[in-house]
**Student:** 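First the structure, then my questions, so here it is.
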Protein chains: 4
Amino acid sequence: MSRPGRKSRGRAIDNTNVRAQVSDVTLVQQRREQIVEAAVELFSKQGFYRTTVQEVAARAGMSTGSIYHYARTKEDILLLALLSVLHSYATEIPHALEGVTDPMERLWRAVGAYCKVIDSRRAATVLAYRSTKSLPRKQQEMVKDAELETNTLIADCVADCRSAGLIRDVDVAMATHLFVMFAHSWALKHWRLQESMSRAEFLRDGFDILFTGIATPAGLEKYAGLMKSLEKAGAA
Amino acid sequence: MSRPGRKSRGRAIDNTNVRAQVSDVTLVQQRREQIVEAAVELFSKQGFYRTTVQEVAARAGMSTGSIYHYARTKEDILLLALLSVLHSYATEIPHALEGVTDPMERLWRAVGAYCKVIDSRRAATVLAYRSTKSLPRKQQEMVKDAELETNTLIADCVADCRSAGLIRDVDVAMATHLFVMFAHSWALKHWRLQESMSRAEFLRDGFDILFTGIATPAGLEKYAGLMKSLEKAGAA
Amino acid sequence: MSRPGRKSRGRAIDNTNVRAQVSDVTLVQQRREQIVEAAVELFSKQGFYRTTVQEVAARAGMSTGSIYHYARTKEDILLLALLSVLHSYATEIPHALEGVTDPMERLWRAVGAYCKVIDSRRAATVLAYRSTKSLPRKQQEMVKDAELETNTLIADCVADCRSAGLIRDVDVAMATHLFVMFAHSWALKHWRLQESMSRAEFLRDGFDILFTGIATPAGLEKYAGLMKSLEKAGAA
Amino acid sequence: MSRPGRKSRGRAIDNTNVRAQVSDVTLVQQRREQIVEAAVELFSKQGFYRTTVQEVAARAGMSTGSIYHYARTKEDILLLALLSVLHSYATEIPHALEGVTDPMERLWRAVGAYCKVIDSRRAATVLAYRSTKSLPRKQQEMVKDAELETNTLIADCVADCRSAGLIRDVDVAMATHLFVMFAHSWALKHWRLQESMSRAEFLRDGFDILFTGIATPAGLEKYAGLMKSLEKAGAA
DNA sequence: CATGAATGAGAGTTCATTCAT
DNA sequence: AATGAATGAACTCTCATTCAT
């Protein structure tokens with residue numbers, strides 16, 4: 001109950017503009033967590049349209065009527081679910097960077113953490129790609145904003161590497177985009193990728209190409225050192 | 001009527017295992033083209049579930065009943081639509097490679113053509129990501145197979161570059177994956193990317209990073225030469 | 001409300017394997033009685049296929065959607081209706097035998113009660129003949145089982161008569177079959193029979209032939225006595 | 001092609017008031033035989049409502065459009081099919097009586113032939129019970145008339161037996177009704193009866209009860225003689 | 001606040017019938 | 001006379017949402 005992911009999810013659900021009919025703030029938060037957990041699971045497995053509100057209610061352990069005290073429409077539930085997933089990403093990455101100061105290592109860790117959290121909720125990631133367009137325009141914007149939050153975390157690492165002279169004069173936005181899509185693609189193309197590689201291999205080989213593609217000679221040297229030390233750590 | 005895209009779409013629709021109630025082959029092909037055109041448009045804009053078969057029929061200029069002479073279920077229509085889009089990709093790329101023999105240039109052209117055809121049917125590309133999971137498992141496989149078709153085209157170019165000593169000892173599958181996701185991402189993240197770059201810039205900058213990431217020194221030299229000649233051609 | 005027919009119908013509806021979406025047992029029973037009453041009436045008059053679920057709902061005083069909370073398919077409604085009718089038969093006969101111990105008289109009363117209850121629900125009886133085959137195989141079995149229930153009641157009476165030496169060495173199953181078909185035929189051929197006889201005449205003349213066909217001399221004597229006493233009772 | 005059944009069916013189809021759009025009489029008759037054969041088979045197996053006109057057309061080896069040159073509606077096809085079956089019954093019985101003059105034996109043969117022809121087309125017999133009510137009132141009358149035709153054949157035999165002093169003073173109509181229902185019941189309850197008896201046993205035991213029920217002492221004696229001679233014939 | 005039965009508009013699909021060829 | 005593609009009304013069933021308790 002005290003995992004940061006949880007807390008963050010709770011906070012996300014709070015800031016959602018999805019107004020509830022119930023005034024007790026703590027209760028709202030608790031019920032929405034129940035709903036979101038059920039919704040993420042069901043929507044991810046069955047898709048948004050194939051899942052009924054009744055099913056969500058049952059899985060969340062409450063009545064159909066109660067659902068509508070905490071979300072105005074089925075689409076509100078979807079929004080809650082998507083934001084919950086997206087915010088959990090935005091929480092995991094900083095967590096992985098805590099105490100790490102080296103820009104090279106920070107970038108490596110950030111991308112690695114992103115891949116890892118996506119791996120742990122692959123179906124939910126695919127859900128975001130499938131279902132965002134099912135939302136009203138305004139809510140789509142909220143999802144995109146949440147996505148940008150994560151993007152910024154990666155972008156900051158990229159920018160720091162550039163300031164540190166590790167990467168050459170490439171568009172930070174483009175480099176970020178490639179790293180982000182790389183992480184997402186582990187979920188999107190998991191059906192194909194899993195046949196030929198593990199997540200660790202995927203991360204190592206993909207990061208290698210992307211970083212090599214943007215690195216300065218100094219950056220490459222640093223990168224080689226990092227990899228070597230990781231190998232040693234891995235071997236130990 | 002003789003555009004290769006058309007022709008290919010026709011062929012794709014033929015090989016679909018979606019059996020029709022009508023025996024006249026030409027008629028089936030023609031009607032399915034009507035249906036597919038309407039379906040791609042409507043599904044792309046509104047999503048699969050928000051679009052009714054009635055709407056597809058109306059847009060295709062036929063009655064509800066007629067639709068069901070050419071597709072057994074609404075999902076069949078979706079399959080037809082997705083395969084049509086995917087096959088059109090698989091047709092455009094070879095078209096762009098006709099007469100080009102240099103491996104470096106072939107890779108560049110293949111990725112460029114992929115980005116271009118995706119750009120021209122962005123909504124349909126997103127549709128494939130959103131809706132494939134709405135299909136029965138068997139039909140999902142067909143969509144994945146069609147996607148692999150295109151993948152192979154890119155993979156062949158990558159492999160040729162490697163044989164030619166232009167790229168280093170990286171996993172061809174991984175490199176291909178990155179190029180493919182790169183092309184797809186133009187559609188998937190168009191809402192964000194379009195703000196800061198044109199498709200040409202996107203292609204140039206992204207390809208630069210990815211190719212640099214996999215190139216040998218010889219490959220980098222060759223790449224520089226290609227870019228210079230393209231610039232000249234562009235300037236002329 | 002305390003008529004035995006009612007009670008039996010309720011019980012029958014309970015034991016039906018037709019699962020409802022609603023948990024309140026009393027409510028389910030009550031709503032199903034409404035539905036069954038409407039269904040028997042409409043199906044009997046118009047036939048199963050010519051009757052829409054909407055019509056049944058309207059006549060039952062509820063919405064289309066509600067119907068589907070108490071029966072999973074239109075065929076479930078038919079099953080409920082047929083079982084209700086069949087079970088009402090199986091209830092009327094024991095009722096008519098209460099307190100009667102003489103085997104001869106029991107047989108006479110059983111057949112008479114069967115004819116009477118069939119007469120009172122002629123259309124429903126014909127419905128069973130018309131519509132059982134419209135049911136899925138499993139549900140057809142349930143209907144047949146229910147029919148056998150009634151058969152057994154008659155068969156028991158026949159067997160008792162034989163034990164009592166009133167009927168000769170004929171196949172009990174065959175004799176039962178003839179009595180049962182005799183009763184059913186009052187509904188099946190009512191269009192023709194009603195022109196030339198009343199139900200009482202039908203029963204008297206038909207029973208006379210069938211019983212004479214199976215009786216021992218002792219049985220015939222007993223039968224003559226019974227008829228005489230009934231005549232007297234009728235005359236009084 | 002020269003079997004009497006065929007001929008009769010042809011005649012029946014002619015006298016049907018189902019008007020065709022085609023004038024060539026021979027052609028109409030031939031096509032209707034095709035249609036009827038297909039319809040009896042499909043309606044019997046699947047039921048009237050579960051069978052489509054398209055299916056009937058396909059099985060009859062003609063196009064959907066052609067069907068409508070020989071029957072105005074789907075119900076016309078049903079009428080044609082039912083009358084065909086009913087008339088085939090009315091033809092088989094006289095056939096079985098040819099050259100037989102003894103009233104006792106004629107009755108036995110008539111009932112036997114009825115059971116036999118019903119046995120050979122059990123599904124079609126059940127079809128008549130299921131589907132007659134699906135017809136417009138006028139056409140229902142035609143079916144009933146056709147049924148009465150057969151009834152009359154049996155009734156005549158019964159009446160002759162009575163004139164010959166073989167049966168006692170019972171209502172001829174009632175006796176006929178019992179014999180007819182007895183024959184029909186072989187098809188209607190075949191699912192149950194087949195488990196415990198063959199058609200020959202069914203006929204022997206059932207006829208025994210019914211005839212005993214109506215016979216005079218003289219009739220019983222005659223009947224015993226007939227049975228003995230049949231046994232001998234059977235044994236030889 | 002919580003419940004869950006009730007609602008009814010709306011979706012996909014079928015098929016008897018028509019009619020241009 | 002024959003064809004078979006086209007039609008569209010009509011049906012069954014679903015499910016987001018409401019509201020009396």
Side-chain angles (χ1 to χ4, degrees), chain A residues 20-24 27-28 31 49-58 61-77, chain B residues 20-24 27-28 31 49-58 61-77, chain C residues 20-24 27-28 31 49-58 61-77, chain D residues 20-24 27-28 31 49-58 61-77:
Chain A
Q21 284 179 17
V22 174
S23 49
D24 179 331
L27 183 58
V28 169
R31 287 276 188 272
Y49 285 102
R50 288 214 189 295
T51 304
T52 70
V53 174
Q54 271 87 347
E55 283 175 290
V56 175
M62 62 182 75
S63 69
T64 320
S66 288
I67 288 265
Y68 282 88
H69 291 158
Y70 302 99
R72 289 263 221 278
T73 65
K74 192 187 178 191
E75 278 147 0
D76 270 0
I77 302 175
Chain B
Q21 279 179 27
V22 172
S23 51
D24 181 329
L27 182 60
V28 169
R31 286 279 184 275
Y49 287 103
R50 287 218 185 296
T51 304
T52 69
V53 174
Q54 317 262 351
E55 285 175 289
V56 175
M62 60 182 79
S63 68
T64 322
S66 287
I67 289 264
Y68 283 90
H69 289 153
Y70 301 98
R72 288 238 251 278
T73 63
K74 193 187 178 190
E75 280 154 357
D76 269 359
I77 302 175
Chain C
Q21 279 177 29
V22 172
S23 49
D24 181 329
L27 183 59
V28 169
R31 287 277 185 274
Y49 287 103
R50 287 219 185 294
T51 304
T52 70
V53 175
Q54 317 262 353
E55 286 175 290
V56 175
M62 60 183 77
S63 68
T64 320
S66 287
I67 288 265
Y68 283 90
H69 289 155
Y70 301 98
R72 288 240 250 279
T73 62
K74 193 187 177 190
E75 280 154 358
D76 269 0
I77 302 176
Chain D
Q21 282 178 19
V22 174
S23 50
D24 180 332
L27 183 59
V28 169
R31 287 276 188 273
Y49 285 102
R50 286 215 189 297
T51 303
T52 69
V53 174
Q54 271 89 345
E55 284 176 289
V56 175
M62 63 182 75
S63 68
T64 319
S66 288
I67 289 265
Y68 282 87
H69 290 157
Y70 302 98
R72 288 261 224 275
T73 65
K74 194 188 177 190
E75 280 148 358
D76 269 0
I77 302 175

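Numbers restart at 1 for each chain; the letters A, B, ... are given by sequence-line order, proteins then strands. These values consider heavy atoms only, across backbone and side chains, with no hydrogens, waters or symmetry-generated copies.
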**Student:** Could you work out, with side chain to side chain donor-acceptor pair (under 3.5 Å) as the rule, every residue matching A:T64, not counting sequence neighbours?
**Tutor:**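 Partners of A:T64 under the side chain to side chain donor-acceptor pair (under 3.5 Å) test: none.
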**Student:** Working to the nearest 0.5 Å, report the span between CZ of C:R31 and OH of C:Y70.
**Tutor:**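 Nearest 0.5 Å value for the CZ-OH distance: 5.0 Å.
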**Student:** Report, as a single string ordered 5' to 3', how protein heavy atoms within less than 4.0 Å touch nucleotides 3-12 of chain F: B base, S sugar-phosphate only, - not at all.
**Tutor:** BBSBBB--SB
**Student:** Excluding sequence neighbours, so at least two apart, what forms side chain to side chain donor-acceptor pair (under 3.5 Å) with D:T73?
**Tutor:**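 For D:T73 there are no side chain to side chain donor-acceptor pair (under 3.5 Å) partners, ignoring immediate neighbours.
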**Student:** Treat a base pair as Watson-Crick or G-U wobble with both distances under 3.5 Å, then lay out DNA chain F in dot-bracket form, 5' to 3', with | for cross-strand pairs.
**Tutor:** .||||||||||||||||||||
**Student:** Of all residues at least two apart in sequence or in a different chain, which pass the side chain to side chain donor-acceptor pair (under 3.5 Å) check with A:E75?
**Tutor:**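 Once residues adjacent in sequence are excluded, the partners of A:E75 under the side chain to side chain donor-acceptor pair (under 3.5 Å) criterion are B:R50.
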**Student:** Working to the nearest 0.5 angstrom, can you tell me the gap between B:K74 NZ and B:I67 CD1?
**Tutor:**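 The CD1 atom of B:I67 is 11.5 Å from NZ of B:K74, to the nearest 0.5 Å.
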**Student:** Looking at NE2 of C:H69 and CG of C:L27, how far apart are the two atoms once the value is rounded to the nearest 0.5 Å?
**Tutor:**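 One gets 11.0 Å once the value is rounded to the nearest 0.5 Å.
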**Student:** What pairs with C:E55 under salt bridge (Lys or Arg N to Asp or Glu O under 4.0 Å), at least two apart in sequence or on another chain?
**Tutor:**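 For C:E55 there are no salt bridge (Lys or Arg N to Asp or Glu O under 4.0 Å) partners, ignoring immediate neighbours.
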